[in-house]
Amino acid sequence: MRHGPSRGGPRPANDSQWTLEGRQDARRLAPGLPPLPSGTHVPSLWPMLRALLGRWRSSLRLLRPAHVEADRAKISVSQLGHRYGNKVVALKDVDLNVRSGEFVCLLGPSGCGKSTLLYALAGQVKPTGGAVSIDGRRITGPGPDRLLMFQEAALFPWLSVRGNVTFALAARGVPRKERRARAEQYIRRVQLQGFEDALPHQLSGGMKMRASLARALSVDPAVLLMDEPFGSLDAQTRIHMQEFLQSIWMRTHKTVVFVTHDVHEALMLGTRVVLMAPRPGRIVRDLEVHLPMPRHPDDAALMEMVRHVQGLLREVEQGSKPPEPPPVRVPPRPSPPTVHSVTESVRGP
Amino acid sequence: MKREGRWKGHAQKLGLVLLLLAAWEGLSRLGIWSPHLFPGPVTVAESLGRMTADGRLWEATLRSLGRLARAYLLSVAIGIPLGLLMARLAFFRNAVKPVVMGLQALPSICWLPLALLWFGLTDAAILFVVVMGSVLGIAIATEDAVNGVDPQLLRVASTLGVKGVRFQFGVLLPAALPGIVTGLKLGWSFAWRALLAGELLFVSGGLGQLLTIGRELMDVPQVMAVMVAIILIGITVDRVLFQTVEVRLRRRWGLEGAM
């Protein structure tokens, strides 16, 4: 519904202006104001200036390449590589540094290794090359400082909402007396009060996800890792959950790494968007999103950025389309890669 | 509407039972076979009433069920941990499981001669046969249930840092419980069969002995009455006990789509 057909359509004609490099050049040349387009009739100067200013803001300042040094990072990924069964290269030479308090979205078509990267951060996957560390310590397995959330709510079906939260608290060694109060607090935070004693199968999809979020937040991990957590929800609930997650993030400022293939979702939520490409899985762009929060899903600047990032993704796809002498055998894809990835990056699975 | 459907089902079931009873009664009254060898349901019911009244049936039933309960509890106590171990530990999976599968192929009553030699004509012999009949089935079903646990739940447990005893009893066991209960039900029916086979083969009191006595006295109504009693006990335990537990469990676990 919010993905209109126009977004999948042809890109604007002034193509070069949309690439990031072109814009940076423009900024370097005219640091004060953007150049006025020639040949336009000027009815009144101020509204036009303002419109231009808005344009300048959105296209130049809102998406900036991110540079984070490894020594200032909370999560540091260096030269990460992973092969499945020694054949399919899921990740190759991935470097990523995440500061504390950042909301990083890993964005890309399926097969780009974004989930593998996330699972490596969670310690669920042992990468075949490179290193992942958090606060300078190597990650060797799941730890109490990180928590992974899945596409499904994955609640324990035999426990009530409260039971799920207190069970997680018990596993983290929270004293019995504190558990109930803390569970209550987080259930209230995800607005599930009144459903404390409900069993998971009695809840709707969105409510299950919120219960799962309450369970994740209650153990207070330093880093929250989310693997397309809203991928299985309907569009309406999904927007709801995005706004909801944003409000929670604004309050807690947890470090979040969020995997998605929905461009709009990534730009809606992230303070940083990391674009990845497949074959082999790698990072192609690392952009900071300078759009104030809370963000509105229909915000014009947001929509413009979505178009821009979709263009970038398409470029990446086309760039990697002719697989020059393939070193490894890649499983056949059901449809031409371009069409496949565009529809995929716009819509859910 | 659902309720209506259930009543309709009950009515159909009852109707068929009445029809069968009527056919049975009619067949016996035709006099094709001697009424001593083919009594009608009325005669059988009279015999059943007589045995109930003089307490023979109660005594035998209590004796049989007492044995069954002891043997079954023992089977559960051995079978579930054995199943868990087979699912979780490589040694048990690689070495013990083939042995269990092999022994499972042996009908439980085949253990009786060995049991009689080892334990003599005692209750222990029967208990041994019953345990051998049900423990392996329970272990295999438990192993199956644990292996079938949703891997997502195991990943959640690992990311939440649930380990050790809390993991075994807080995640693995409850997640596998619906499957384990199905295994317990299966184990119970194995045990019930093994028990009656054992009781028939050597005289020791219990329902099996009542059957044997009926045969020796040429008392066909008694034989049939005891058969009816065995069927009724079997149905009661299976439907009332296990069915209820299973349905409740599945509903709570959200497996029945009950909203």
Side-chain angles (χ1 to χ4, degrees), chain A residues 115 118-119 121-125 139 141-161 163-174 197-205 207-208 211-212 214-221 223-227 229 232, chain B residues 2 76 80 83-84 87-88 90 141-142 144-185 242-259:
Chain A
S115 289
L118 190 80
Y119 279 57
L121 290 176
Q124 303 268 356
V125 162
I139 289 175
D145 48 352
R146 287 153 286 139
L147 198 110
L148 183 59
M149 277 183 75
F150 304 93
Q151 186 161 359
E152 298 84 33
L155 298 164
F156 297 114
W158 55 90
L159 294 175
S160 65
V161 170
N164 264 282
V165 179
T166 49
F167 186 74
L169 290 172
R172 287 284 160 98
V174 175
D197 295 313
L199 290 167
H201 70 89
Q202 295 164 329
L203 303 177
S204 71
M207 286 161 89
K208 270 185 215 164
S212 186
R215 183 176 68 181
L217 292 170
S218 71
V219 299
D220 200 25
V223 178
L224 198 56
L225 307 166
M226 306 177 94
D227 186 12
S232 57
Chain B
K2 215 172 169 184
V76 172
I80 290 183
L84 285 175
R88 302 297 295 179
T142 304
D144 239 31
V146 172
N147 282 335
V149 167
D150 184 1
Q152 189 80 299
L153 288 180
L154 302 182
R155 242 176 288 156
V156 168
S158 115
T159 191
L160 286 173
V162 186
K163 286 190 232 85
V165 177
R166 179 171 278 127
F167 175 72
Q168 304 289 345
F169 289 93
V171 178
L172 211 55
L173 205 63
L177 204 53
I180 291 177
V181 168
T182 308
L184 290 181
K185 198 168 129 182
F242 282 102
Q243 201 88 325
T244 316
V245 171
E246 213 176 7
V247 164
R248 286 225 178 139
L249 206 68
R250 292 184 73 84
R251 197 170 293 154
R252 172 157 183 128
W253 261 233
L255 296 168
E256 213 98 294
M259 274 295 280

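A, B, ... follow the sequence lines: proteins, then strands. Residue 1 opens every chain.
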Using the rule given for side chain to side chain contact (heavy atoms under 4.5 Å, CB included), can you reason through A:L199 versus B:R252, listing the C-alpha separation, both sets of side-chain angles and the distance that settles it, and then say yes or no?
CA-CA 7 Å; A:L199 290 167; B:R252 172 157 183 128; 3.7 Å; yes
In terms of heavy-atom proximity below 4.5 Å to chain B, should A:A154 be classed as side chain, backbone, both, or neither?
both
Toward chain B, the part of A:A170 with a non-hydrogen atom under 4.5 Å
both
For A:L155, which atoms come within 4.5 Å of any heavy atom of chain B: side chain, backbone, both, or neither?
backbone
At what distance, to the nearest 0.5 angstrom, does NE2 of A:H201 lie from CZ of B:R250?
12.0 Å
Once you round to the nearest 0.5 Å, how far does CG of B:L173 lie from CH2 of A:W158?
9.5 Å
Is it true that the side chains of A:Q124 and B:S158 contain a donor and an acceptor less than 3.5 Å apart?
yes
